[in-house]
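These figures come from a predicted structure and were not determined experimentally. The analysis underlying the following values was restricted to heavy atoms, covering all of them including side chains, and did not include hydrogens, waters or symmetry mates.
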Amino acid sequence: MATEALFISVVPNMRFSPGQLVLTAGVHELIQQGRLNPSMYLRRHLGGDWGDLVEGDRQLNDAALASGQDRLFSSYQVESALQLWIITEWDRSVTTLLLPSEY
């Protein structure tokens, strides 16, 4: 928990609180294998950089951020065969890092 708090404190331009951070089994496995470091993508998500989304989905996220009444979703192409999704619940209580296959 202290590491999580330290990480959050160094996110520049954080636009919302992530709540509890959760990793799915697939993301955890990739981290353990050294194939994924999700820190940069989490920083981008918390800063309102929604990654590889179409404009309409970006606008939905911006509206959800302003209203606080819907979830926030980001998608990042990490490498050609690896995509990372990050979802923050509508009430900002939990942020989950997952692979599309785990949705």
With rounding to the nearest 0.5 Å, note down the distance linking NE2 in H28 to CD in Q33. 11.0 Å
Can you confirm whether the side chains of Y41 and S39 place a donor and an acceptor under 3.5 Å from each other? no
D57: what forms a side-chain contact (heavy atoms from CB on, under 4.5 Å) with it, not counting sequence neighbours? L53, V54, L60
Donor-acceptor pairs under 3.5 angstrom involving side-chain atoms of residues 65-72: please list them, not counting sequence neighbours.
{"from": "S67", "atom 1": "OG", "to": "A63", "atom 2": "O", "distance (Å)": "3.2"}
{"from": "S67", "atom 1": "OG", "to": "Q69", "atom 2": "N", "distance (Å)": "3.1"}

Can you tell me which residue pairs pass the salt bridge (Lys or Arg N to Asp or Glu O under 4.0 Å) test with a partner in residues 45-55, sequence neighbours excluded? R44-D49
Of all pairs that satisfy salt bridge (Lys or Arg N to Asp or Glu O under 4.0 Å), the ones with a partner from residues 83-95, not counting sequence neighbours: none
Listed partners of E102 passing side-chain contact (heavy atoms from CB on, under 4.5 Å), at least two apart: T24, A25, V27, L98, L99
Might you work through the side chain to side chain contact (heavy atoms under 4.5 Å, CB included) test for L36 and V78, ending with a clear yes or no? CA-CA 8 Å; L36 175 65; V78 177; 4.1 Å; yes
For residues L46 and L21: do they belong to one hydrophobic cluster (side chain heavy atoms under 4.5 Å, members Ile, Leu, Val, Met, Phe, Trp, Tyr)? yes
Given side chains that start at C-beta, do those of Y76 and H45 come closer than 4.5 Å, heavy atoms only? yes
Connected via hydrophobic side-chain network under 4.5 Å: F73 and W50: yes
For residues 79-87, please give each side-chain donor-acceptor pair under 3.5 Å, one per line with the distance, not counting sequence neighbours.
{"from": "Q83", "atom 1": "NE2", "to": "S75", "atom 2": "OG", "distance (Å)": "2.8"}
{"from": "W85", "atom 1": "NE1", "to": "S75", "atom 2": "OG", "distance (Å)": "3.4"}

Shortest non-hydrogen pair, T95 vs P18, comes out as OG1-O, 2.8 Å
Distance from Q32 atom CD to L23 atom CG, nearest 0.5 Å? 9.5 Å
